[in-house]
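This report refers to the structure that appears directly beneath it.
One-based numbering, in listed order, for ligands and for the atoms of each. The structure displayed is predicted, hence computed values, not measured ones.
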Amino acid sequence: MLRIAFVGWRGMVGSVLMGRMREEDDFKGFEATFFTTSNVGGKGPDVGLDIPPLRDAFDVGLLTSHDIIVTCQGGGYTKDVYPKVLETGWAGYWIDSASALRMDEESIIVLDPVNRDVIDRGLAAGVKKYVGGNCTVSLMLMGLSGLFATGRVEWISPMTYQSASGAGAKHMKELIAQMAELGVIAGPLLDHPATTAIAIDEAITDRLRQGDFPTENFLAPLAGSLIPWIDSAMESGQTREEWKGMVETNKILGTETPIPVDGLCVRVGAMRCHSQGLTIKLAGDIPLDEINGMIAEGNPWVELVPNDRESTLQRLTPAAVNGTLTVPVGRVHKMLMGPEYVAAFTVGDQLLWGAAEPIRRILKIIVEHLG
Ligand code: NAP
């Protein structure tokens, strides 16, 4: 029977992965071993099966006795353990949610509703390294896969509105702590109907600027504000998050001539949905109803939202999409710059299609491939 090792199953991405695998009844047809970097001998996740105590995630001998290793542990772990695993001559499949191996020549970035052809070619060619993509890139491609498939996209400029979860669990909690702090200040003022909005704003701004406002993780207020910087600086003037847009999009799609993708990435006070305002330059003047049709038919999870206020407010917000696999695309219209310029807005849960779901699905694909 196939043996599969799971590392990093209790982190944010790992726990969403475990939840989705349970929901889809994926824990069958293989023997699962759960590993830990911090709690050897402890209890593993509830996957509806009897599982042995947790094993040591640094035990390379044990890891390499598995056919597939799935890790959502993080880039530090991958950089440390993956070379040691390879040194043993291990020829199994490594599936990873961290970015460390994404741009390796021999790795494939997985997003099967968009690049199943690339994945299938990789499996046939014996590629053994499959990595989840950057969440923003994956969500943009899920929303626009139908448009990309036509080969008519010349370039895209995504302006993002990224959630706290993309930065990690501590950041999510810090966002809520910031909101709570503002609630403490605003609560008594709101209780008095005579208080003006300007007076509340002054009190809130004052609190945002105080040195003890909780910003240990974000390094700046996010609640009541935003942060137009994600990840480290690149020489190009982009941030690393912005740089990933073009390189990962083209690697996922397997393009021969790279499609330019560039814009600004901004952190906003959403919990786990990334949103993106897209400027799309098409090769030619495609009628709007055809564009809508191409987007709608891209994949079973994309949902075209009519460009009206009611539909937008009901279906095209992080509050509506959070915790679901639906990737709505709306606000689609031609722009004043010319008939080949199209605006669109998309929202997606960055822990599902942005992280855990492509990993769940590639594991299933590889299990089927080996079966
Ligand atoms: P995370 O929540 O920090 O979890 C990583 C590991 O931290 C866990 O597997 C766990 O390992 C350990 N840990 C320590 N204290 C913990 C606690 N109180 N609760 C849960 N786990 C704890 O990391 P993550 O956000 O899932 O990200 C994992 C990888 O996926 C990273 O490389 C990240 O870049 C990548 N990724 C993240 C996202 C995202 O949105 N967060 C999206 C795409 C890709 P032990 O059980 O061994 O202690």
[X]-[Y] side chain donor-acceptor pair, cut-off 3.5 Å:
X: Arg3; Y: Ser65; result: yes
X: Thr255; Y: Asn250; result: yes
X: Gln162; Y: Thr160; result: yes
X: Gln350; Y: Ser165; result: yes
X: Asn134; Y: Glu248; result: no
X: Asp231; Y: Thr239; result: no

Among all protein heavy atoms, pick out the one at the shortest distance from [atom]; state its residue, atom name and that distance to 0.1 Å.
atom: atom 42 (C) of ligand 1; result: Ala355 CB, 3.5 Å
atom: atom 40 (O) of ligand 1; result: Gln350 NE2, 2.6 Å
atom: atom 6 (C) of ligand 1; result: Gln73 NE2, 3.5 Å
atom: atom 25 (O) of ligand 1; result: Met12 CB, 3.8 Å
atom: atom 27 (O) of ligand 1; result: Val13 CG2, 3.9 Å
atom: atom 34 (O) of ligand 1; result: Ala98 CA, 4.7 Å
atom: atom 30 (O) of ligand 1; result: Ser97 OG, 2.8 Å

Could you tell me which non-hydrogen atom of Leu111 sits nearest to which non-hydrogen atom of Ser138, and how far apart they are?
CD2-O, 3.6 Å
Is it true that [X] and [Y] have ring centroids separated by less than 6.0 Å?
X: Trp94; Y: Tyr130; result: no
X: His66; Y: Phe35; result: yes
X: His171; Y: Phe218; result: yes

Thinking salt bridges, do Lys129 and Asp96 make one under a 4.0 Å N-O criterion?
no
Working for side chain to side chain contact (heavy atoms under 4.5 Å, CB included), residues Thr317 and Leu313:
CA-CA 7 Å; Thr317 66; Leu313 266 54; 5.6 Å; no
Closer than 4.0 Å to some heavy atom of [X] - which atoms of ligand 1 meet that?
X: Thr36; answer: 45 (P), 46 (O), 47 (O)
X: Gly166; answer: 40 (O)
X: Gly75; answer: 32 (O)
X: Gly354; answer: 43 (C)
X: Gly8; answer: 9 (O)

Backbone or side chain, does any N or O of Ser99 fall under 3.5 Å from an N or O of ligand 1?
no
Can you check whether Ser38 has an N/O within less than 3.5 Å of an N/O in ligand 1?
yes
Give the single entry among [options] that approaches [atom] most closely by any heavy atom.
atom: atom 28 (C) of ligand 1; options: Pro45, Cys72, Ser163, Gly74; result: Cys72
atom: atom 19 (N) of ligand 1; options: Arg10, Arg272, His171; result: Arg10
atom: atom 8 (C) of ligand 1; options: Ser165, Gly11, Gly14; result: Gly11

Quick one: does ligand 1 sit under 4.0 Å from the side chain of Ser15, the backbone, both or neither, non-hydrogen atoms only?
neither
Just to be sure I read this right, does ligand 1 sit under 4.0 Å from the backbone of Leu351, its side chain, both, or neither, counting only heavy atoms?
side chain
